[in-house]
Amino acid sequence: MEMNFIPYHHHLVKSRSNHHHLKNNHLREEEGDDASLSLRNLSKLILPPLGVSSYNQNQTKSKWIISPMDSRYRCWETFMVLLVAYSAWVCPFEFAFLHSSPDKKLYIGDSIVDLFFAIDIFLTFFVAYIHRRSQLLVREPKKIALRYIKTWFLMDVASTIPFEAIGYLITGNKKAALSYSLLGILRFWRLRRVKQLFTRLEKDIRFNYFWIRCIKLLFVTLFLVHCAGCLYYLLADRYPHKGETWLGSVNPNFTETSLWIRYISAMYWSITTMTTVGYGDLHAVNTVEMIFIIFYMLFNLGLTAYLIGNMTNLVVEGTRRTMEFRNSIEAASNFVGRNRLPPRLKKQILAYMCLRFKAESLNQHQLIEQLPKSICKSICQHLFLHTVEKVYLFKDVSKEIIVLLVAKMKAEYIPPREDVIMQNEAPDDVYIIVSGEVEMIDYEMEKEIAVGTLQTGDMFGEVGALCCRPQIYTYRTKTLSQLLRLKTSALIEAMQSKQEDNVSILKNFLQQHKKLKDLNIGDLIAESGEEDGDPNMSVNLLTVASTGNAAFLDELLKARLDPDIGDSKGRTPLHIAASKGHEECVLVLLKHASNVHLRDMNGNTALWEAISSKHHSIFRILYHCTAISDPYTAGDLLCTAAKRNDMSVMEELVKYGLNVDSKDRHGRTAIEIAMAENNVEMVNFLVMNGSDVVGANKCEFSSTNLNDMLQKREIGHRITVHDDNSTQNEVLLKKLEIIDFEAKEGKSKGGNCQRVSIYRGHPLVRKQACCMEAGRLIKLPNSLEELKKIAGEKFGFDAMNAMVTDEAGAEIDSIEVIRDNDKIFIAEVANCL
């Protein structure tokens, strides 16, 4: 399969590459952008479940439900991540540095941010989600709301409540309200959105994986440094003795200095401490600060290990497949660039690899392969049986065959704009569409023309498979499609296993393509009627002729199929119908002017197939048709049987009544050929059936054998033998009777009577004298005296005192020892002496 596909694919790539090289660079850039756009869209796709024919990820039961893959919602999520970054920086900064003098602008900004997060909570009740186990999109509003309430709803609300405003309403004092800001730490809950963003960016092939990981680590480090610095400053600011703090020991009036100087001092301490440098210029003074630094340093041990581990080993076990995917994408891109493949092929390769990565993450095929065969078969039936039963080709086909085919099918996901079957490709596979759309593409002067679109439940590739011809169209997916792939050999094998289903499948195939305006059997025949022809188009006629469905065969022939087209062995439908004994099919083929004289590679005609298979009614029909146009039909058949030394066929020809002395087109008879081939048994049979052997001694055949055969000549036949030897110029005319009849023939005529052959003379004397006197076939009497009396009457002498012997010369003295078909010799006593 691969050997047939690769050379053609290489030729196709080369021809298309030359075509694309004619385009300008601007067009190349546009196609490259289209490829990136296609990959970006493909990353948003959710694979439909196996066996589901109509699955639309954007389809919802309510018009208010939002798809998480929607581009507008993705933009909203990105905007919310920016607000999370703002909250993560402002919250600890306000709590540490602005508790005594709150900034009005920051307060307004916090309120606006909280409003946006409140809107996001509301929207979340309408956003579909991907089920954790099935990986399918859940669109039911009740399930969405119930899941959100059970999971993140309370925390999202708590992180959005403006505690400062509530404290102000309760106390009426802005400074006192700031004590409620401690609850603002709940805003850190929003950081999970940042994690989700980085997870998505790590799998996005448009961004460099290494730099995404570095940015993530930098963001974690800066956030922890910022929080630690703010908290350390808060300890100094809230300590009763300002001068006995890490910052007060350096600047006793630090509260009166600039806000940004205080913030930079806190960040300086946090960074030097986290990196374990610790210059000592800013150090703990009181016990509270010491305790804080102890825990901070312990925390830094873990943080440092995390940072070093990630920087030295960017790909840990959890991201191994992502790296493999990116490596495969990079290898494919290098391959495309190195071999200068056109942008369209690059787009197809990258899209396929991206889709394969998504499919592998579900581990569906790996799981199925691990299961026992019986369970796999049941799974396939449950997933695909209802789809396959609706395909036109399997209408009225037994469920047994459909189940057999389903077990051999393989489900595949194909990305959009991917060529599944290419024009002129070998017919290796047949595909059934479970979900998605597939375009039929034809090429005219290197221009693509869309012939049609196939939907769910349609099949393609079966024309090439059943007709054994290259594919006439290119089949390309329009959307993400789930296809069932079936090997052509498996389909043909299943068809041949049951005759009725074979006929049904071929009938469905014919009826379907008769309905299509752009593709019907007549067009196929017209295309295959070129000089080269399509020798494999015979599969329809040959298969139907083999099954014996004369009505369907007549329909095929009416569709202008050639009745004389043959298979790889030269056997025509007439050969097959004659050998199988399908008389009605033979009549249909003759009605459509099938040539009865055609021979296969073994030199056999349909007439020979009929008689060799002992289908006498078909032989009579074909012989009548053949003999009208060919007077040498009988001679050719007899001579062929004699040349092949085929006794069974020769016997059938003689039983039919053919003249054994008929000559072939070269003027030879069967017995001449048999003598030339020295086929003794064949010559014996022909002689016994009255073949004329005049001049037969010209052949290199033993005269002794010929004389022995003449002795066994059937009663009533006359034969003239010319001896051209210079020493013997005698013409022998003898009337011979066959005395060696089969007992069964005698029993059929005379009941249970026993017959014997009687000869005059002693057997030994007859051999020495070369006696040629014929014997007599008589009914075995009841006594030996009656036997002698009959012999005397037959041979004209008094045999009452004669000796009765067998072939060996042993004397017979009792009639009981004589058996049916024995040869009895009656010899006078004087002659015996």
Side-chain angles (χ1 to χ4, degrees), residues 462-469 472 492 495-496 499 502-514 519-613 615-630 633 636-637:
E462 78 282 8
V463 176
L466 296 182
C467 298
C468 296
R469 57 177 294 142
I472 59 177
I492 299 299
M495 291 171 59
Q496 295 175 352
Q499 177 177 340
N502 189 2
V503 173
S504 299
I505 290 175
L506 289 175
K507 185 176 181 180
N508 295 334
F509 173 76
L510 176 65
Q511 292 178 347
Q512 172 71 11
H513 293 293
K514 272 189 172 182
L519 176 63
N520 54 57
I521 293 297
D523 293 337
L524 293 176
I525 302 306
E527 293 175 10
S528 64
E530 302 172 357
E531 294 182 1
D532 295 337
D534 186 10
N536 294 319
M537 193 62 198
S538 60
V539 66
N540 285 326
L541 283 176
L542 295 175
T543 305
V544 175
S546 177
T547 59
N549 192 320
F552 186 39
L553 181 64
D554 188 45
E555 289 293 326
L556 287 175
L557 293 172
K558 287 179 180 178
R560 303 196 306 277
L561 283 173
D562 184 6
D564 297 327
I565 199 163
D567 59 9
S568 59
K569 296 181 180 179
R571 289 164 57 86
T572 65
L574 190 60
H575 282 86
I576 294 178
S579 63
K580 295 285 186 179
H582 302 315
E583 184 175 345
E584 294 182 1
C585 290
V586 171
L587 293 174
V588 169
L589 289 165
L590 293 176
K591 182 180 71 173
H592 289 276
S594 181
N595 191 345
V596 295
H597 301 292
L598 291 178
R599 298 178 181 271
D600 60 13
M601 295 182 66
N602 296 324
N604 299 332
T605 62
L607 190 61
W608 176 270
E609 294 285 354
I611 194 62
S612 62
S613 302
H615 300 306
H616 298 96
S617 60
I618 296 177
F619 177 78
R620 284 193 292 269
I621 296 171
L622 294 176
Y623 183 79
H624 175 74
C625 297
T626 307
I628 294 176
S629 57
D630 186 5
T633 299
D636 286 340
L637 287 172

### Query
Is the NE2 atom of His597 crowded by more than 12 outside heavy atoms at less than 6.0 Å?
yes
### Inter- and intrachain pairs under salt bridge (Lys or Arg N to Asp or Glu O under 4.0 Å), touching residues 600-611, at least two apart
Arg571-Glu609
### Task
Could you pull out the closest heavy-atom pair between Val586 and Ala577, with the gap in Å?
CG2-CB, 3.8 Å
#### Entry: Donor-acceptor pair, side chain of Asp630 and main chain of Thr626, under 3.5 angstrom
no
### Message
Is there a side-chain contact between Pro563 and Leu574 in this structure, where contact means two heavy atoms from C-beta onward sitting under 4.5 Å apart?
### Response
no
### Backbone N/O of Leu589 and side chain of His592: donor-acceptor pair under 3.5 Å
no
#### Entry: Side-chain heavy-atom pair Phe619, Leu637 within 4.5 angstrom cut-off
yes
### Message
Would you compute the distance between atom CD1 of Ile618 and atom OG of Ser579 and round it to the nearest 0.5 angstrom?
### Response
8.5 Å
### Task
Given side-chain contact (heavy atoms from CB on, under 4.5 Å), test Leu607 with Val596 step by step and report yes or no.
CA-CA 7 Å; Leu607 190 61; Val596 295; over 6 Å; no
### Query
If you measure from OG on Ser504 to CE on Met495, what distance do you get to the nearest 0.5 Å?
10.0 Å
### Query
Distance from Ile576 atom CD1 to Lys569 atom NZ, nearest 0.5 Å?
10.0 Å
### Query
Sequence neighbours excluded, which residues qualify as side chain to side chain contact (heavy atoms under 4.5 Å, CB included) partners of Asp564?
Asp562, Ser594, Asn595, Leu598
### Task
Could you walk me through whether Val463 and Phe509 pass the side-chain contact (heavy atoms from CB on, under 4.5 Å) test, one step at a time?
CA-CA 8 Å; Val463 176; Phe509 173 76; 4.0 Å; yes
### Message
Filter on salt bridge (Lys or Arg N to Asp or Glu O under 4.0 Å), then keep only pairs touching residues 574-593, sequence neighbours left out; what's left?
### Response
Asp554-Lys591
#### Entry: Expected output: side-chain Ser613 to main-chain Ala610 donor-acceptor under 3.5 Å
no
